[in-house]
Amino acid sequence: MPESSPNCRDCIHYYITHDVSFPYGCRAMDFKSRRQPALDVLEASGAPCLAFQPKPPRPGA
């Protein structure tokens with residue numbers, strides 16, 4: 001993933017869709033993708049994802 005793109009796996013909006021064709025999703029932007037949603041956002045807009053919000057730390061981690 002490019003350095004300018006946030007890691008979707010660390011975002012509260014990221015989810016696994018269980019759709020074989022589009023396995024990754026973003027609840028903030030309401031879409032599914034074949035790859036990490038931040039890459040599609042960067043490609044379409046030329047800017048990194050602005051909806052990124054880090055997940056809270058896991059208890060005991």
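The analysis underlying the following values was restricted to heavy atoms, covering all of them including side chains, and did not include hydrogens, waters or symmetry mates. The first residue of the sequence shown is numbered 1, and numbering continues consecutively from there.
Across Pro6 and Ala38, no two heavy atoms sit closer than the pair O-CB, 3.6 Å. Asp19 and Ser21 get closest at one heavy-atom pair: OD1-N, 3.0 Å.
The CE atom of Met29 lies 6.5 Å from the CG atom of Leu50; values are rounded to the nearest 0.5 Å. Remark: Asn7 CG to Cys49 SG distance equals 11.5 Å, nearest 0.5 Å. If you take CZ on Phe52 and SG on Cys26, they are separated by 11.0 Å, rounding to the nearest 0.5 Å.
Using a 4.5 Å heavy-atom cutoff, the side chains of Tyr24 and Arg34 are not in contact. Two residues are said to be in side-chain contact when any heavy atoms from C-beta on lie closer than 4.5 Å; Asp10 and Pro54 fail this criterion. In this structure the side chain of Ile12 reaches within 4.5 angstrom of the side chain of Lys55, judged on heavy atoms. Taking 4.5 Å as the limit, some side-chain heavy atom of Tyr14 sits within range of a side-chain heavy atom of Pro37.
Within 6.0 Å of CD1 on Ile16 lie more than 12 heavy atoms contributed by other residues, nucleotides or ligands.
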Exercise. After noting the C-alpha distance and the side-chain angles of Arg35 and Phe22, does the key distance pass the side-chain contact (heavy atoms from CB on, under 4.5 Å) rule?
Worked result: CA-CA 8 Å; Arg35 57 190 183 162; Phe22 300 98; over 6 Å; no

